[in-house]
Amino acid sequence: MLRGLRRRWDSYKYRFVPWLALNLRRKRRTLRYVPESSQDKIISDEDVFETLLKIFKALFINDFSRQAHILAFLPEIKHKYLELLTVEQKLSKVHSCNPLSQHVFSPEEVLFNTLGFMVSRDRSSLVSAGTGVFVTKGFVRKGTVVSMYPGTVYRKHEPIFFQSLGNPFIFRCIDGVLIDGNDKGLSRSVYRSCCRRDQLGPFQMSDESWLTAAPQNPLAVGQYVNNCSHEKAANVCYQEFDVPAYFPVELKQYLPNIVYSHDIESLLRCIVLVTLRDIKQGEELFSNYYTVVS
């Protein structure tokens with residue numbers, strides 16, 4: 001029996017690992033084939049990096065008054081952000097003699113003001129699908145990073161068995177790296193523990209708020225994007241992205257991923273969801289769980 005299960009595991013080549021019996025059933029699936037890893041890039045890593053940098057900087061500036069503990073250690077960075085804040089105030093016609101007293105927007109409003117759209121969780125349009133993710137305001141162009149898949153990042157040799165039981169949120173990367181996007185139970189506890197382990201004084205190396213109903217990174221809802229169907233085709237695609245070592249330390253507080261084992265030599269793996277076509281306000285996001293990654 002164990003050998004049989006092992007053979008089935010070795011032959012399983014989809015994006016989400018088959019810990020649930022539902023994933024092992026023989027049923028009609030909407031398949032997406034990726035013959036080579038290079039073909040699983042809808043946009044370049046540079047475009048992903050620039051998008052994340054743009055929205056994270058906007059979130060940081062919006063929350064500037066609460067960043068004093070970080071900026072005290074980075075005086076040159078503080079000067080740069082004060083200049084950006086001044087420009088931002090002029091563009092939004094918010095004038096103040098005190099740069100720390102600017103109008104504060106919600107994270108969703110910052111996303112709209114920066115990238116031109118909002119995304120949020122709501123009841124899915126699919127029957128019995130539970131929660132889904134919708135474009136609630138604005139317009140998203142094809143080839144845009146519209147969401148991120150949060151969670152703890154596990155390499156091949158790291159223990160994830162108990163976290164995986166009854167867990168439909170475990171995403172598998174092409175190289176076998178796993179990301180646990182479950183915000184409940186043991187998965188939640190592991191993520192929070194890793195976040196606090198890696199915190200360096202006032203510097204948070206990841207975002208813990210996606211575990212709540214009010215994430216400070218409004219893109220960190222990708223684990224709730226539902227699988228496409230034959231009636232509703234996929235309009236977003238998963239894309240792997242390794243956060244470069246030169247990523248600004250003050251902006252890491254918005255990254256919704258953390259490594260299970262601390263290793264300064266490995267880059268943090270993130271998953272972004274990129275649009276496959278233009279998406280209008282009110283549309284639900286659909287991905288393809290059954291992407292063949294061989």
Side-chain angles (χ1 to χ4, degrees), residues 15-16 41-43 47-63 104-126 129-151 168-169 171 179-184 191 206-229 232-241 243 251 253-257 270-289 291:
R15 275 298 200 186
F16 285 82
K41 299 280 187 182
I42 304 300
I43 60 177
D47 287 341
V48 175
F49 177 80
E50 290 300 325
T51 299
L52 296 185
L53 205 61
K54 187 176 183 180
I55 183 60
F56 289 2
K57 280 184 177 179
L59 290 168
F60 188 90
I61 293 171
N62 184 66
D63 203 27
V104 177
F105 297 94
S106 70
E108 292 77 18
E109 289 172 328
V110 173
L111 177 62
F112 178 75
N113 293 338
T114 306
L115 300 183
F117 63 86
M118 287 186 188
V119 290
S120 63
R121 292 171 286 187
D122 204 346
R123 182 179 294 276
S124 175
S125 59
L126 295 176
T131 301
V133 178
F134 293 80
V135 175
T136 52
K137 187 176 181 180
F139 177 81
V140 191
R141 294 193 177 279
K142 178 182 178 180
T144 299
V145 174
V146 72
S147 187
M148 300 182 72
Y149 196 96
F169 294 103
F171 180 96
I179 299 180
D180 182 3
N182 194 355
D183 57 10
K184 298 178 178 61
Y191 186 91
S206 60
D207 174 24
E208 205 176 322
S209 67
W210 68 271
L211 297 169
T212 71
Q216 66 174 353
N217 175 0
L219 293 177
V221 293
Q223 77 277 34
Y224 285 106
V225 172
N226 281 307
N227 187 38
C228 63
S229 65
K232 298 193 176 184
N235 52 19
V236 298
C237 179
Y238 300 105
Q239 180 166 322
E240 300 170 22
F241 173 70
V243 179
L251 300 181
Q253 61 182 295
Y254 302 110
L255 290 170
N257 298 97
C270 287
I271 301 297
V272 297
L273 284 82
V274 181
T275 53
L276 296 171
R277 61 169 175 82
D278 293 347
I279 300 178
K280 300 177 182 178
Q281 179 175 318
E283 288 193 71
E284 183 174 358
L285 303 183
F286 293 103
S287 62
N288 198 322
Y289 289 1
T291 296

Please report the interatomic distance [atom1]([X]) to [atom2]([Y]), rounded to the nearest 0.5 Å.
| X | Y | atom1 | atom2 | answer |
| --- | --- | --- | --- | --- |
| L273 | Y238 | CG | OH | 5.5 Å |
| E240 | I179 | CD | CD1 | 7.5 Å |
| L251 | L52 | CG | CG | 10.0 Å |
| Q239 | I271 | CD | CD1 | 9.0 Å |
| K137 | E108 | NZ | CD | 11.5 Å |
| D278 | R141 | CG | CZ | 6.0 Å |

With sequence neighbours left out, what residues match [X] under side chain to side chain donor-acceptor pair (under 3.5 Å)?
| X | value |
| --- | --- |
| N182 | none |
| N217 | none |
| Q223 | none |
| Q281 | none |

- Classify the ring geometry between Y254 and F56 as parallel (under 30°), tilted (30 to 60°) or perpendicular (over 60°). tilted
- Side-chain heavy-atom pair V243, L255 within 4.5 angstrom cut-off: yes
- Message: Does any part of the side chain of N62, heavy atoms only, come nearer than 4.5 Å to the side chain of E109, both counted from C-beta?
- Response: no
Closest heavy-atom contact between [X] and [Y]?
| X | Y | answer |
| --- | --- | --- |
| P218 | L59 | CD-CD1, 3.9 Å |
| N257 | C270 | OD1-SG, 3.4 Å |
| I42 | T275 | CG2-O, 4.3 Å |
| G222 | P150 | N-CD, 4.2 Å |
| E284 | G132 | OE2-CA, 3.6 Å |
| C228 | A233 | CB-C, 3.8 Å |

- Tell me, which pairs form a salt bridge (charged side-chain N to carboxylate O under 4.0 Å, His left out) where one or both residues lie in residues 206-217, sequence neighbours left out? R192-E208, R196-E208
- Note on the structure: Residues pairing under salt bridge (charged side-chain N to carboxylate O under 4.0 Å, His left out) where one sits in residues 210-229, two or more places apart or in two chains, turn out to be none
- What residues, two or more places apart in sequence or in another chain, satisfy ring-ring contact (aromatic ring centres under 6.0 Å, His included) together with Y191? W210
Can you name the side chain to side chain contact (heavy atoms under 4.5 Å, CB included) partners of [X], sequence neighbours left out?
| X | value |
| --- | --- |
| D122 | F134 |
| Y224 | R121, T131, V133, F169, D183, K184 |
| T114 | K54, I55, A58, V110 |
| K232 | S125, L126, S229, F286 |

- Assess whether side chain to side chain contact (heavy atoms under 4.5 Å, CB included) is satisfied between N227 and N288, documenting all intermediate values. CA-CA 5 Å; N227 187 38; N288 198 322; 4.1 Å; yes
- Stepwise side chain to side chain contact (heavy atoms under 4.5 Å, CB included) check, V236 with V225: CA-CA 9 Å; V236 298; V225 172; 4.1 Å; yes
- Kindly determine whether T144 and F117 satisfy side chain to side chain contact (heavy atoms under 4.5 Å, CB included), including the steps that lead there. CA-CA 11 Å; T144 299; F117 63 86; 3.9 Å; yes
- Message: The criterion is salt bridge (charged side-chain N to carboxylate O under 4.0 Å, His left out); which residues satisfy it with R277, sequence neighbours excluded?
- Response: E283
- Message: Let's go through Y289 and N226 carefully: what are the C-alpha distance in whole Å and the side-chain angles of both, what is the deciding distance for side chain to side chain contact (heavy atoms under 4.5 Å, CB included) to 0.1 Å, and is it a yes or a no?
- Response: CA-CA 8 Å; Y289 289 1; N226 281 307; 4.3 Å; yes
